[in-house]
Amino acid sequence: LLPMLSPLRATVVGIIVLVFGSLGARFVRGLVEAYLNNVGVSEAGSLGLLVQGALVAFVAILALEQIGIDVRLLSAAFQLAFGGLCLALALAFGLGGRSWAESILERTRNRR
């Protein structure tokens, strides 16, 4: 009975991590959507869903690791995909917002 207790305990801990992580991801989605709606971003719902999806994927990897499944390759793939997405968004914002940033800098220079 004792050897069976350890895998059962790991499974229960993994399920608890998954449940609370999913609830936390839903909470963070609500925060992101509320903030972006207050700022005036039109795609707040889509961005909130993207944040929730990324957090649920991260929590799922943590839950699998708690159960005892080797997730090094899956974790590395998730990190690469998330890093690539962040880099793509940074480039898109930097290239697309160049004229906006120039206008802000010009207004700042004119005030002096």
Same cluster or not: [X] versus [Y], using hydrophobic residues (I, L, V, M, F, W, Y) connected whenever any side-chain heavy atoms lie under 4.5 Å apart?
X	Y	result
F20	L62	no
V32	F27	no
V19	L64	no
F58	I15	no
V12	V59	no

Distance from [X] atom [atom1] to [Y] atom [atom2], nearest 0.5 Å?
X	Y	atom1	atom2	answer
S75	L80	OG	CG	9.5 Å
Q79	L74	CD	CG	10.0 Å
L36	L31	CG	CG	10.5 Å
L18	Q66	CG	CD	11.5 Å
L50	L89	CG	CG	7.5 Å

| query | Do you know which two heavy atoms are closest between F78 and A54, and how far apart they sit? | reply |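 Shortest heavy-atom separation between F78 and A54 comes out as CZ-O, 3.5 Å.
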| Exercise: identify the closest heavy-atom pair between A63 and G14 |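 That would be CB-O, 3.4 Å.
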| request: Sort and list the pairs that fulfil salt bridge (Lys or Arg N to Asp or Glu O under 4.0 Å) and have at least one residue in residues 56-68, not counting sequence neighbours. | output: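 For residues 56-68, and leaving out neighbouring residues, there are no salt bridge (Lys or Arg N to Asp or Glu O under 4.0 Å) pairs at all.
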| query | Thinking salt bridges, do E33 and R29 make one under a 4.0 Å N-O criterion? | reply | yes
| message | Which residues pass the salt bridge (Lys or Arg N to Asp or Glu O under 4.0 Å) test with R72, not counting sequence neighbours? | response | D70
